[in-house]
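Please read these numbers as outputs of a predicted model, since none were measured by experiment. In what follows, chains are A, B, ... by sequence order, proteins preceding strands, each numbered from 1.
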Amino acid sequence: MSASCPTDTRPRELRVAGLSHAFGRDEVLAGIGFRLPAGEVAALVGPSGCGKTTLLHLAAGLLTVQEGQVSNGFDTTAFMFQQPRLLPWQTALDNIALGLKAAGLARAERHRRARDIGLQLGLAPRDLDKFPHQLSGGMQSRVALARALVLAPDLLLLDEPFSALDVGLKEELYRLLLDHQAARAMGVLMITHDLMEAVRLSDAILLMAPAPGRIVCRFELDVPAAQRDDAWVYRHTAELLQNAVVRDAFGMPPLMTGAGAAGEPAAGTPAAGEQAAETPATGMPAGVPSTSALRLVATPESAPARSASRCGG
Amino acid sequence: MRLLRAWAAGLPAYLWSGWGAIASLLLLFAAWEAVSLIYGPLVMPDPRSAFGTLLGLIESGAAWPELAATARRAMSGYALSLVAGSFLGLLAGLSMTASMMSRPLVTVLMGTPPIAWLVLAMLWFGASDGTPVFTVFVAAFPVIFIGALQGTRTLDNQLRGMAEAFRLPRRMMFTDVYLPHVVSYLFPAWIAALGTSWKVVVMAELLATQDGVGAALAVSRSHLDTAATMAWIAAVVGLLLAVEYLVLEPIKREVERWREQGR
(Lines give C-alpha, C1' and ligand atoms only; values in the text may rest on other atoms or scores of the structure.)
Protein backbone atom coordinates (compact mmCIF):
# COMPACT_ATOMS: atom_id res chain seq x y z
CA MET A 1 0.00 0.00 0.00
CA SER A 2 1.20 3.42 -0.86
CA ALA A 3 0.85 4.88 2.64
CA SER A 4 3.15 2.56 4.47
CA CYS A 5 6.63 2.94 3.05
CA PRO A 6 8.29 6.19 4.03
CA THR A 7 11.64 7.15 2.53
CA ASP A 8 14.13 9.72 3.69
CA THR A 9 13.67 11.92 0.67
CA ARG A 10 9.98 12.48 1.12
CA PRO A 11 8.91 15.46 3.25
CA ARG A 12 7.06 14.71 6.46
CA GLU A 13 3.62 15.40 5.12
CA LEU A 14 0.57 13.71 3.71
CA ARG A 15 0.04 14.68 0.07
CA VAL A 16 -3.08 13.79 -1.82
CA ALA A 17 -3.33 14.76 -5.47
CA GLY A 18 -5.94 14.17 -8.14
CA LEU A 19 -7.51 11.42 -6.09
CA SER A 20 -10.68 9.84 -7.49
CA HIS A 21 -12.41 6.74 -6.28
CA ALA A 22 -15.43 4.71 -7.31
CA PHE A 23 -17.24 1.73 -5.83
CA GLY A 24 -18.46 -0.10 -8.88
CA ARG A 25 -20.17 2.59 -10.95
CA ASP A 26 -20.71 4.88 -7.99
CA GLU A 27 -18.27 7.75 -8.16
CA VAL A 28 -17.45 8.51 -4.54
CA LEU A 29 -14.53 10.91 -4.78
CA ALA A 30 -13.47 13.16 -7.64
CA GLY A 31 -10.27 15.15 -7.94
CA ILE A 32 -9.35 15.39 -4.28
CA GLY A 33 -6.14 17.22 -3.51
CA PHE A 34 -4.64 18.63 -0.31
CA ARG A 35 -1.48 18.69 1.72
CA LEU A 36 -1.15 18.03 5.45
CA PRO A 37 2.24 19.02 6.89
CA ALA A 38 3.57 17.83 10.25
CA GLY A 39 2.05 19.59 13.22
CA GLU A 40 -1.14 20.62 11.44
CA VAL A 41 -4.64 19.53 12.35
CA ALA A 42 -6.94 19.38 9.34
CA ALA A 43 -10.64 18.62 9.56
CA LEU A 44 -12.58 17.08 6.69
CA VAL A 45 -16.05 18.49 7.05
CA GLY A 46 -19.05 17.61 4.99
CA PRO A 47 -22.50 16.04 5.01
CA SER A 48 -22.97 12.31 5.55
CA GLY A 49 -22.21 10.25 2.48
CA CYS A 50 -19.83 12.69 0.81
CA GLY A 51 -16.96 10.20 0.84
CA LYS A 52 -15.09 11.44 3.90
CA THR A 53 -14.56 7.95 5.30
CA THR A 54 -13.47 6.62 1.91
CA LEU A 55 -10.95 9.44 1.66
CA LEU A 56 -9.59 8.68 5.13
CA HIS A 57 -9.34 4.97 4.38
CA LEU A 58 -7.44 5.77 1.19
CA ALA A 59 -5.10 8.00 3.15
CA ALA A 60 -4.54 5.19 5.67
CA GLY A 61 -3.85 2.67 2.94
CA LEU A 62 -6.88 0.57 3.90
CA LEU A 63 -8.24 0.92 0.37
CA THR A 64 -6.30 0.64 -2.85
CA VAL A 65 -5.87 3.91 -4.70
CA GLN A 66 -7.60 3.74 -8.08
CA GLU A 67 -6.74 7.10 -9.56
CA GLY A 68 -4.47 9.87 -8.34
CA GLN A 69 -1.81 9.84 -5.67
CA VAL A 70 -1.61 9.44 -1.93
CA SER A 71 1.86 9.94 -0.59
CA ASN A 72 2.42 9.60 3.11
CA GLY A 73 5.81 10.86 4.24
CA PHE A 74 5.16 10.27 7.94
CA ASP A 75 6.99 7.47 9.71
CA THR A 76 4.10 6.08 11.72
CA THR A 77 0.41 6.44 11.09
CA ALA A 78 -2.35 5.54 13.54
CA PHE A 79 -6.05 5.28 12.92
CA MET A 80 -8.98 5.80 15.23
CA PHE A 81 -12.35 4.57 14.05
CA GLN A 82 -15.85 5.85 14.55
CA GLN A 83 -16.58 2.93 16.90
CA PRO A 84 -13.95 1.85 19.42
CA ARG A 85 -13.48 -1.48 17.60
CA LEU A 86 -11.75 -3.14 20.54
CA LEU A 87 -11.00 -6.85 20.56
CA PRO A 88 -13.67 -8.17 22.94
CA TRP A 89 -11.49 -11.08 24.11
CA GLN A 90 -8.59 -8.93 25.24
CA THR A 91 -8.28 -6.70 28.29
CA ALA A 92 -8.12 -2.94 27.89
CA LEU A 93 -4.36 -3.07 28.45
CA ASP A 94 -3.82 -5.67 25.73
CA ASN A 95 -6.07 -3.71 23.41
CA ILE A 96 -4.01 -0.57 23.91
CA ALA A 97 -0.82 -2.54 23.34
CA LEU A 98 -2.10 -4.16 20.15
CA GLY A 99 -0.17 -1.95 17.73
CA LEU A 100 3.00 -2.31 19.81
CA LYS A 101 2.64 -6.08 19.75
CA ALA A 102 2.25 -5.92 15.99
CA ALA A 103 5.47 -3.89 15.87
CA GLY A 104 7.22 -6.71 17.72
CA LEU A 105 7.75 -5.12 21.15
CA ALA A 106 8.35 -7.42 24.13
CA ARG A 107 5.42 -8.02 26.43
CA ALA A 108 6.75 -6.18 29.49
CA GLU A 109 7.76 -3.11 27.49
CA ARG A 110 4.52 -2.80 25.56
CA HIS A 111 2.48 -3.25 28.73
CA ARG A 112 4.51 -0.55 30.45
CA ARG A 113 3.91 1.91 27.61
CA ALA A 114 0.24 0.95 27.32
CA ARG A 115 -0.25 1.43 31.05
CA ASP A 116 1.44 4.85 30.97
CA ILE A 117 -0.69 6.18 28.16
CA GLY A 118 -3.85 4.59 29.54
CA LEU A 119 -3.38 6.35 32.87
CA GLN A 120 -2.59 9.62 31.09
CA LEU A 121 -5.88 9.35 29.24
CA GLY A 122 -7.83 8.99 32.45
CA LEU A 123 -8.27 5.24 32.71
CA ALA A 124 -8.10 3.84 36.24
CA PRO A 125 -5.51 1.10 36.90
CA ARG A 126 -8.23 -1.47 37.46
CA ASP A 127 -10.00 -0.46 34.23
CA LEU A 128 -6.92 -1.65 32.35
CA ASP A 129 -7.54 -5.24 33.44
CA LYS A 130 -11.18 -5.20 32.37
CA PHE A 131 -12.62 -6.55 29.17
CA PRO A 132 -14.22 -4.03 26.77
CA HIS A 133 -17.79 -5.07 27.60
CA GLN A 134 -17.13 -4.18 31.23
CA LEU A 135 -16.21 -0.61 30.28
CA SER A 136 -18.56 2.28 29.57
CA GLY A 137 -18.68 3.82 26.10
CA GLY A 138 -16.50 6.72 27.20
CA MET A 139 -13.91 4.40 28.68
CA GLN A 140 -13.90 2.36 25.49
CA SER A 141 -13.21 5.52 23.49
CA ARG A 142 -10.31 6.34 25.80
CA VAL A 143 -8.91 2.87 25.22
CA ALA A 144 -9.27 3.34 21.46
CA LEU A 145 -7.53 6.74 21.63
CA ALA A 146 -4.79 5.25 23.79
CA ARG A 147 -4.36 2.40 21.31
CA ALA A 148 -3.68 4.98 18.59
CA LEU A 149 -1.51 7.37 20.65
CA VAL A 150 0.67 4.67 22.22
CA LEU A 151 2.26 4.18 18.81
CA ALA A 152 3.56 7.76 19.06
CA PRO A 153 2.27 8.39 15.55
CA ASP A 154 3.42 11.26 13.36
CA LEU A 155 0.09 11.17 11.60
CA LEU A 156 -3.18 10.44 13.33
CA LEU A 157 -6.27 9.73 11.26
CA LEU A 158 -9.56 10.15 13.10
CA ASP A 159 -12.90 8.97 11.74
CA GLU A 160 -15.48 10.84 13.84
CA PRO A 161 -14.31 9.05 16.97
CA PHE A 162 -16.03 11.44 19.36
CA SER A 163 -19.42 11.68 17.69
CA ALA A 164 -21.20 9.34 20.13
CA LEU A 165 -19.84 10.88 23.32
CA ASP A 166 -21.45 13.40 25.65
CA VAL A 167 -20.30 17.01 25.68
CA GLY A 168 -18.17 16.77 28.82
CA LEU A 169 -16.36 13.69 27.66
CA LYS A 170 -15.79 15.20 24.22
CA GLU A 171 -14.20 18.30 25.76
CA GLU A 172 -11.89 16.17 27.86
CA LEU A 173 -10.79 13.99 24.98
CA TYR A 174 -10.26 17.09 22.79
CA ARG A 175 -7.95 18.46 25.43
CA LEU A 176 -6.03 15.19 25.76
CA LEU A 177 -5.74 14.94 22.00
CA LEU A 178 -4.54 18.54 21.59
CA ASP A 179 -1.96 18.08 24.37
CA HIS A 180 -0.49 15.10 22.58
CA GLN A 181 -0.70 16.80 19.22
CA ALA A 182 1.11 19.92 20.39
CA ALA A 183 3.77 18.01 22.33
CA ARG A 184 4.82 15.93 19.36
CA ALA A 185 3.97 18.12 16.36
CA MET A 186 1.72 15.35 15.17
CA GLY A 187 -0.21 15.75 11.94
CA VAL A 188 -3.91 15.03 12.43
CA LEU A 189 -6.49 14.45 9.73
CA MET A 190 -9.94 14.16 11.21
CA ILE A 191 -13.39 13.57 9.83
CA THR A 192 -16.31 15.29 11.42
CA HIS A 193 -19.70 16.60 10.49
CA ASP A 194 -19.73 18.70 13.61
CA LEU A 195 -18.58 22.17 12.57
CA MET A 196 -18.00 23.18 16.17
CA GLU A 197 -15.61 20.26 16.64
CA ALA A 198 -13.75 21.27 13.50
CA VAL A 199 -13.49 24.90 14.64
CA ARG A 200 -12.28 23.89 18.08
CA LEU A 201 -9.57 21.48 17.00
CA SER A 202 -8.28 22.21 13.54
CA ASP A 203 -5.85 24.57 11.85
CA ALA A 204 -7.49 23.99 8.49
CA ILE A 205 -11.00 22.95 7.56
CA LEU A 206 -11.51 21.18 4.26
CA LEU A 207 -15.12 21.44 3.24
CA MET A 208 -16.44 18.57 1.17
CA ALA A 209 -19.59 18.42 -0.94
CA PRO A 210 -21.29 15.21 -2.02
CA ALA A 211 -22.05 13.45 -5.31
CA PRO A 212 -19.25 13.03 -6.17
CA GLY A 213 -17.21 13.83 -3.06
CA ARG A 214 -14.92 16.80 -3.64
CA ILE A 215 -13.24 19.50 -1.63
CA VAL A 216 -15.00 22.78 -2.34
CA CYS A 217 -13.30 25.07 0.14
CA ARG A 218 -10.45 25.36 2.56
CA PHE A 219 -10.67 27.54 5.65
CA GLU A 220 -7.64 28.34 7.72
CA LEU A 221 -7.87 29.25 11.39
CA ASP A 222 -5.05 31.50 12.50
CA VAL A 223 -5.38 31.27 16.29
CA PRO A 224 -3.62 28.19 17.77
CA ALA A 225 -6.09 25.62 19.05
CA ALA A 226 -4.82 25.89 22.62
CA GLN A 227 -5.68 29.61 22.73
CA ARG A 228 -9.26 29.27 21.53
CA ASP A 229 -11.91 29.75 24.17
CA ASP A 230 -15.58 28.83 24.00
CA ALA A 231 -16.66 32.27 22.80
CA TRP A 232 -14.13 32.16 19.98
CA VAL A 233 -15.34 28.70 18.93
CA TYR A 234 -19.03 29.72 19.01
CA ARG A 235 -18.39 32.89 17.05
CA HIS A 236 -16.42 31.20 14.32
CA THR A 237 -18.75 28.22 14.10
CA ALA A 238 -21.60 30.65 13.58
CA GLU A 239 -19.57 32.47 10.97
CA LEU A 240 -18.93 29.25 9.15
CA LEU A 241 -22.61 28.38 9.28
CA GLN A 242 -23.48 31.63 7.53
CA ASN A 243 -21.10 30.96 4.69
CA ALA A 244 -22.99 30.32 1.47
CA VAL A 245 -20.65 27.56 0.34
CA VAL A 246 -20.94 25.74 3.67
CA ARG A 247 -24.73 26.03 3.61
CA ASP A 248 -24.82 24.74 0.09
CA ALA A 249 -22.55 21.78 0.86
CA PHE A 250 -24.75 20.71 3.76
CA GLY A 251 -27.93 21.23 1.75
CA MET A 252 -29.19 24.11 3.86
CA PRO A 253 -31.23 26.86 2.21
CA PRO A 254 -29.36 30.11 1.50
CA LEU A 255 -29.65 32.84 4.10
CA MET A 256 -32.42 35.38 3.60
CA THR A 257 -31.24 38.91 2.88
CA GLY A 258 -30.36 40.52 6.18
CA ALA A 259 -30.50 37.27 8.10
CA GLY A 260 -26.73 37.22 8.19
CA ALA A 261 -26.67 40.44 10.17
CA ALA A 262 -29.40 39.25 12.51
CA GLY A 263 -27.66 35.97 13.12
CA GLU A 264 -24.30 37.56 13.88
CA PRO A 265 -23.64 36.32 17.44
CA ALA A 266 -20.84 38.51 18.77
CA ALA A 267 -21.31 42.14 17.90
CA GLY A 268 -20.04 41.83 14.38
CA THR A 269 -18.98 44.91 12.49
CA PRO A 270 -21.71 46.51 10.41
CA ALA A 271 -19.49 45.97 7.41
CA ALA A 272 -19.60 42.25 7.98
CA GLY A 273 -23.36 42.35 8.15
CA GLU A 274 -23.60 44.22 4.89
CA GLN A 275 -21.19 41.87 3.28
CA ALA A 276 -23.23 38.88 4.36
CA ALA A 277 -26.36 40.45 3.01
CA GLU A 278 -24.81 41.17 -0.33
CA THR A 279 -22.78 38.13 -1.08
CA PRO A 280 -25.33 35.39 -1.79
CA ALA A 281 -26.35 37.30 -4.87
CA THR A 282 -22.86 37.53 -6.22
CA GLY A 283 -21.87 34.07 -5.19
CA MET A 284 -19.21 35.33 -2.80
CA PRO A 285 -18.70 33.50 0.48
CA ALA A 286 -20.83 35.16 3.08
CA GLY A 287 -20.40 36.01 6.70
CA VAL A 288 -16.64 36.13 6.82
CA PRO A 289 -15.76 39.49 8.30
CA SER A 290 -12.36 40.83 7.42
CA THR A 291 -11.33 40.87 11.09
CA SER A 292 -12.03 37.17 11.56
CA ALA A 293 -9.34 34.60 12.32
CA LEU A 294 -11.12 32.37 9.86
CA ARG A 295 -9.61 32.72 6.42
CA LEU A 296 -11.17 31.35 3.32
CA VAL A 297 -8.62 29.92 0.94
CA ALA A 298 -9.35 28.62 -2.51
CA THR A 299 -8.09 25.13 -3.13
CA PRO A 300 -6.05 25.15 -6.33
CA GLU A 301 -5.63 21.39 -6.12
CA SER A 302 -9.32 20.59 -6.11
CA ALA A 303 -10.10 19.97 -9.72
CA PRO A 304 -13.78 20.60 -10.49
CA ALA A 305 -13.91 24.05 -12.02
CA ARG A 306 -17.37 24.91 -10.80
CA SER A 307 -16.54 24.47 -7.14
CA ALA A 308 -13.23 26.26 -7.47
CA SER A 309 -14.83 29.24 -9.11
CA ARG A 310 -17.61 29.35 -6.58
CA CYS A 311 -15.13 29.17 -3.80
CA GLY A 312 -12.65 31.71 -5.03
CA GLY A 313 -15.37 34.12 -6.18
CA MET B 1 -0.66 -23.83 32.54
CA ARG B 2 -2.50 -20.60 33.30
CA LEU B 3 -5.66 -22.38 32.26
CA LEU B 4 -4.95 -25.25 34.65
CA ARG B 5 -4.36 -22.91 37.56
CA ALA B 6 -7.54 -20.96 36.81
CA TRP B 7 -9.43 -24.22 36.56
CA ALA B 8 -8.18 -25.43 39.96
CA ALA B 9 -8.83 -22.06 41.60
CA GLY B 10 -12.35 -21.81 40.24
CA LEU B 11 -13.34 -25.37 41.08
CA PRO B 12 -14.59 -24.98 44.69
CA ALA B 13 -16.85 -22.04 43.85
CA TYR B 14 -18.01 -23.84 40.74
CA LEU B 15 -18.84 -27.03 42.67
CA TRP B 16 -20.66 -25.01 45.29
CA SER B 17 -22.79 -23.50 42.55
CA GLY B 18 -23.76 -27.07 41.60
CA TRP B 19 -26.11 -27.51 44.56
CA GLY B 20 -29.10 -26.58 42.44
CA ALA B 21 -28.14 -29.19 39.86
CA ILE B 22 -27.69 -31.82 42.56
CA ALA B 23 -31.09 -30.99 44.05
CA SER B 24 -32.84 -31.45 40.72
CA LEU B 25 -30.98 -34.74 40.14
CA LEU B 26 -32.20 -35.98 43.52
CA LEU B 27 -35.74 -35.08 42.48
CA LEU B 28 -35.23 -37.26 39.41
CA PHE B 29 -34.11 -40.14 41.66
CA ALA B 30 -37.23 -39.65 43.76
CA ALA B 31 -39.41 -39.91 40.65
CA TRP B 32 -37.47 -43.00 39.58
CA GLU B 33 -38.12 -44.60 42.99
CA ALA B 34 -41.81 -43.72 42.77
CA VAL B 35 -42.12 -45.39 39.37
CA SER B 36 -40.39 -48.51 40.66
CA LEU B 37 -42.75 -48.63 43.67
CA ILE B 38 -45.78 -48.42 41.41
CA TYR B 39 -44.74 -50.81 38.62
CA GLY B 40 -42.50 -53.24 40.47
CA PRO B 41 -38.79 -54.08 40.16
CA LEU B 42 -39.08 -56.00 36.88
CA VAL B 43 -40.22 -52.94 34.96
CA MET B 44 -38.10 -50.49 36.89
CA PRO B 45 -35.72 -51.46 39.71
CA ASP B 46 -35.38 -48.89 42.45
CA PRO B 47 -32.28 -46.63 42.36
CA ARG B 48 -30.64 -48.36 45.31
CA SER B 49 -30.57 -51.77 43.65
CA ALA B 50 -29.41 -50.24 40.34
CA PHE B 51 -26.53 -48.44 42.04
CA GLY B 52 -25.87 -51.55 44.15
CA THR B 53 -25.49 -53.59 40.96
CA LEU B 54 -23.21 -50.92 39.52
CA LEU B 55 -21.07 -50.98 42.66
CA GLY B 56 -20.90 -54.76 42.39
CA LEU B 57 -19.83 -54.51 38.74
CA ILE B 58 -17.12 -52.03 39.63
CA GLU B 59 -15.87 -54.02 42.64
CA SER B 60 -15.76 -57.30 40.71
CA GLY B 61 -13.74 -55.50 38.03
CA ALA B 62 -16.27 -56.33 35.32
CA ALA B 63 -17.18 -52.71 34.62
CA TRP B 64 -13.81 -51.19 33.76
CA PRO B 65 -12.87 -53.20 30.65
CA GLU B 66 -16.30 -52.54 29.13
CA LEU B 67 -16.19 -48.85 29.94
CA ALA B 68 -12.64 -48.62 28.63
CA ALA B 69 -13.59 -50.28 25.34
CA THR B 70 -16.54 -47.92 24.94
CA ALA B 71 -14.47 -44.89 25.83
CA ARG B 72 -11.74 -45.92 23.39
CA ARG B 73 -14.21 -46.17 20.49
CA ALA B 74 -16.06 -43.00 21.40
CA MET B 75 -12.84 -41.03 21.75
CA SER B 76 -11.35 -42.37 18.49
CA GLY B 77 -14.44 -41.39 16.53
CA TYR B 78 -14.70 -38.10 18.38
CA ALA B 79 -11.05 -37.21 17.81
CA LEU B 80 -11.37 -37.96 14.11
CA SER B 81 -14.47 -35.82 13.74
CA LEU B 82 -12.91 -33.06 15.84
CA VAL B 83 -9.86 -32.80 13.62
CA ALA B 84 -11.68 -33.27 10.31
CA GLY B 85 -14.72 -31.17 11.26
CA SER B 86 -12.73 -28.24 12.61
CA PHE B 87 -10.29 -28.22 9.73
CA LEU B 88 -12.80 -28.64 6.91
CA GLY B 89 -15.30 -26.30 8.55
CA LEU B 90 -12.71 -23.53 8.81
CA LEU B 91 -11.61 -24.12 5.26
CA ALA B 92 -15.17 -24.07 3.93
CA GLY B 93 -15.89 -20.91 5.92
CA LEU B 94 -13.11 -19.05 4.14
CA SER B 95 -14.85 -19.36 0.80
CA MET B 96 -18.35 -18.12 0.14
CA THR B 97 -18.92 -20.79 -2.53
CA ALA B 98 -17.63 -23.62 -0.40
CA SER B 99 -19.81 -22.64 2.54
CA MET B 100 -22.91 -22.32 0.34
CA MET B 101 -22.24 -25.71 -1.21
CA SER B 102 -21.37 -27.53 1.98
CA ARG B 103 -24.31 -26.31 4.04
CA PRO B 104 -26.98 -28.50 2.37
CA LEU B 105 -24.61 -31.47 2.39
CA VAL B 106 -24.06 -31.09 6.10
CA THR B 107 -27.79 -30.69 6.66
CA VAL B 108 -28.29 -34.04 4.90
CA LEU B 109 -25.58 -35.57 7.10
CA MET B 110 -27.24 -34.19 10.20
CA GLY B 111 -30.67 -35.30 9.13
CA THR B 112 -29.63 -38.91 8.47
CA PRO B 113 -30.33 -40.93 11.63
CA PRO B 114 -27.21 -42.52 13.16
CA ILE B 115 -28.93 -45.90 13.05
CA ALA B 116 -28.92 -45.73 9.24
CA TRP B 117 -25.17 -45.08 9.27
CA LEU B 118 -24.80 -47.95 11.72
CA VAL B 119 -26.40 -50.39 9.29
CA LEU B 120 -24.07 -49.24 6.52
CA ALA B 121 -21.08 -49.37 8.84
CA MET B 122 -21.94 -52.95 9.86
CA LEU B 123 -21.92 -53.91 6.19
CA TRP B 124 -18.61 -52.15 5.60
CA PHE B 125 -16.67 -52.84 8.80
CA GLY B 126 -18.37 -55.94 10.23
CA ALA B 127 -17.94 -56.56 13.95
CA SER B 128 -14.65 -54.68 14.26
CA ASP B 129 -14.04 -51.44 16.12
CA GLY B 130 -14.48 -49.71 12.77
CA THR B 131 -18.26 -49.86 13.02
CA PRO B 132 -18.76 -47.84 16.23
CA VAL B 133 -15.87 -45.50 15.42
CA PHE B 134 -17.27 -44.71 11.99
CA THR B 135 -20.78 -44.22 13.33
CA VAL B 136 -19.51 -41.85 16.01
CA PHE B 137 -17.47 -39.96 13.44
CA VAL B 138 -20.40 -39.49 11.08
CA ALA B 139 -22.70 -38.38 13.90
CA ALA B 140 -20.27 -35.90 15.45
CA PHE B 141 -18.67 -34.50 12.30
CA PRO B 142 -21.51 -32.24 11.07
CA VAL B 143 -21.98 -30.66 14.49
CA ILE B 144 -18.34 -29.58 14.61
CA PHE B 145 -18.25 -28.68 10.94
CA ILE B 146 -21.20 -26.30 11.30
CA GLY B 147 -19.62 -24.70 14.37
CA ALA B 148 -16.35 -24.09 12.55
CA LEU B 149 -18.13 -22.84 9.44
CA GLN B 150 -20.20 -20.33 11.35
CA GLY B 151 -17.16 -19.24 13.31
CA THR B 152 -15.33 -18.27 10.14
CA ARG B 153 -18.36 -16.85 8.35
CA THR B 154 -19.22 -14.47 11.17
CA LEU B 155 -15.78 -12.89 11.46
CA ASP B 156 -16.20 -9.21 12.11
CA ASN B 157 -15.19 -7.01 9.16
CA GLN B 158 -14.79 -4.01 11.44
CA LEU B 159 -12.23 -5.82 13.54
CA ARG B 160 -10.46 -6.97 10.41
CA GLY B 161 -10.25 -3.37 9.18
CA MET B 162 -8.95 -2.29 12.57
CA ALA B 163 -6.34 -5.05 12.49
CA GLU B 164 -5.23 -3.92 9.04
CA ALA B 165 -5.01 -0.30 10.14
CA PHE B 166 -2.73 -1.32 13.01
CA ARG B 167 -0.62 -3.39 10.62
CA LEU B 168 -1.07 -6.68 12.40
CA PRO B 169 1.16 -9.32 10.83
CA ARG B 170 -0.52 -12.45 9.49
CA ARG B 171 0.37 -14.58 12.48
CA MET B 172 -1.14 -12.07 14.91
CA MET B 173 -4.16 -11.64 12.68
CA PHE B 174 -4.73 -15.34 13.24
CA THR B 175 -3.90 -15.64 16.96
CA ASP B 176 -5.41 -12.35 18.15
CA VAL B 177 -8.35 -11.74 15.83
CA TYR B 178 -9.52 -14.88 14.05
CA LEU B 179 -8.73 -17.66 16.50
CA PRO B 180 -10.47 -16.31 19.62
CA HIS B 181 -13.58 -15.59 17.60
CA VAL B 182 -13.63 -18.99 15.92
CA VAL B 183 -12.94 -20.80 19.19
CA SER B 184 -15.96 -19.15 20.74
CA TYR B 185 -18.03 -20.96 18.12
CA LEU B 186 -15.97 -24.15 18.00
CA PHE B 187 -15.86 -24.86 21.70
CA PRO B 188 -19.64 -25.25 22.22
CA ALA B 189 -19.74 -27.40 19.09
CA TRP B 190 -16.99 -29.62 20.48
CA ILE B 191 -18.91 -30.10 23.71
CA ALA B 192 -22.16 -30.88 21.90
CA ALA B 193 -20.31 -33.36 19.68
CA LEU B 194 -18.82 -35.09 22.70
CA GLY B 195 -22.30 -35.79 24.07
CA THR B 196 -23.40 -37.08 20.69
CA SER B 197 -20.35 -39.38 20.42
CA TRP B 198 -20.94 -40.90 23.81
CA LYS B 199 -24.58 -41.64 23.09
CA VAL B 200 -24.03 -42.98 19.59
CA VAL B 201 -21.19 -45.30 20.60
CA VAL B 202 -23.40 -47.17 23.05
CA MET B 203 -26.04 -47.62 20.39
CA ALA B 204 -23.49 -48.89 17.87
CA GLU B 205 -22.05 -51.35 20.37
CA LEU B 206 -25.48 -52.65 21.27
CA LEU B 207 -25.95 -53.92 17.73
CA ALA B 208 -22.46 -54.45 16.40
CA THR B 209 -19.87 -55.52 18.95
CA GLN B 210 -19.13 -58.25 21.49
CA ASP B 211 -17.72 -56.00 24.21
CA GLY B 212 -18.22 -52.51 25.56
CA VAL B 213 -21.09 -50.99 27.49
CA GLY B 214 -23.49 -51.38 24.57
CA ALA B 215 -22.79 -55.10 24.35
CA ALA B 216 -23.21 -55.43 28.11
CA LEU B 217 -26.58 -53.70 27.79
CA ALA B 218 -27.58 -56.18 25.11
CA VAL B 219 -26.68 -59.06 27.43
CA SER B 220 -28.56 -57.62 30.39
CA ARG B 221 -31.59 -57.06 28.15
CA SER B 222 -31.57 -60.70 27.02
CA HIS B 223 -31.38 -61.75 30.69
CA LEU B 224 -34.26 -59.40 31.53
CA ASP B 225 -31.89 -57.93 34.11
CA THR B 226 -33.30 -54.43 34.49
CA ALA B 227 -31.12 -53.66 37.50
CA ALA B 228 -27.98 -54.25 35.43
CA THR B 229 -29.46 -52.25 32.54
CA MET B 230 -30.08 -49.27 34.79
CA ALA B 231 -26.63 -49.72 36.33
CA TRP B 232 -24.94 -49.46 32.91
CA ILE B 233 -27.07 -46.50 31.92
CA ALA B 234 -26.14 -44.75 35.16
CA ALA B 235 -22.46 -45.46 34.53
CA VAL B 236 -22.52 -44.05 31.00
CA VAL B 237 -24.51 -40.94 31.90
CA GLY B 238 -22.45 -40.38 35.05
CA LEU B 239 -19.19 -40.49 33.08
CA LEU B 240 -20.47 -38.07 30.48
CA LEU B 241 -21.71 -35.62 33.09
CA ALA B 242 -18.44 -35.85 34.98
CA VAL B 243 -16.34 -35.09 31.90
CA GLU B 244 -18.62 -32.32 30.74
CA TYR B 245 -19.17 -30.52 34.02
CA LEU B 246 -15.86 -31.14 35.76
CA VAL B 247 -13.53 -30.61 32.83
CA LEU B 248 -15.09 -28.95 29.80
CA GLU B 249 -17.48 -26.49 31.41
CA PRO B 250 -14.85 -24.87 33.69
CA ILE B 251 -12.44 -24.59 30.74
CA LYS B 252 -15.18 -23.02 28.68
CA ARG B 253 -15.89 -20.52 31.43
CA GLU B 254 -12.23 -19.56 31.61
CA VAL B 255 -11.76 -19.33 27.85
CA GLU B 256 -14.88 -17.25 27.40
CA ARG B 257 -14.50 -15.00 30.39
CA TRP B 258 -14.61 -12.01 28.05
CA ARG B 259 -18.20 -12.86 27.17
CA GLU B 260 -19.60 -12.84 30.70
CA GLN B 261 -22.60 -10.58 31.31
CA GLY B 262 -22.08 -8.97 27.92
CA ARG B 263 -24.45 -11.16 26.02
F81(A) versus chain B, heavy atoms under 4.5 Å apart: side chain, backbone, both or neither? side chain

Taking M173(B), Q158(B), R171(B) one by one, which has the highest count of heavy-atom pairs under 4.5 Å against chain A? Q158(B)

Is it the side chain or the backbone of K130(A) that comes within 4.5 Å of chain B heavy atoms, both, or neither? neither

Tell me, for M162(B) versus chain A, whether the close heavy atoms (under 4.5 Å) come from the side chain, the backbone, both or neither. both

Please assess D176(B) against K101(A) for the test salt bridge (charged side-chain N to carboxylate O under 4.0 Å, His left out), listing each intermediate value before the final yes or no. CA-CA 10 Å; D176(B) 288 46; K101(A) 188 179 177 189; 2.9 Å; yes

Assign the ring pair F23(A) / H21(A) to parallel, tilted or perpendicular, where the plane angle (0 to 90°) is split at 30° and 60°. perpendicular

Using the rule given for side-chain contact (heavy atoms from CB on, under 4.5 Å), can you reason through Q120(A) versus L176(A), listing the C-alpha separation, both sets of side-chain angles and the distance that settles it, and then say yes or no? CA-CA 8 Å; Q120(A) 271 180 46; L176(A) 292 166; 6.0 Å; no

To the nearest 0.5 angstrom, please state how far the CG atom of N157(B) sits from the OG1 atom of T154(B). 11.0 Å

Apply ring-ring contact (aromatic ring centres under 6.0 Å, His included) to residues F174(B) and Y178(B) and explain how you reach the verdict. CA-CA 5 Å; F174(B) 180 74; Y178(B) 294 158; 7.2 Å; no

Under 4.5 Å from any heavy atom of chain B, what part of L157(A) do you find: side chain, backbone, both or neither? neither

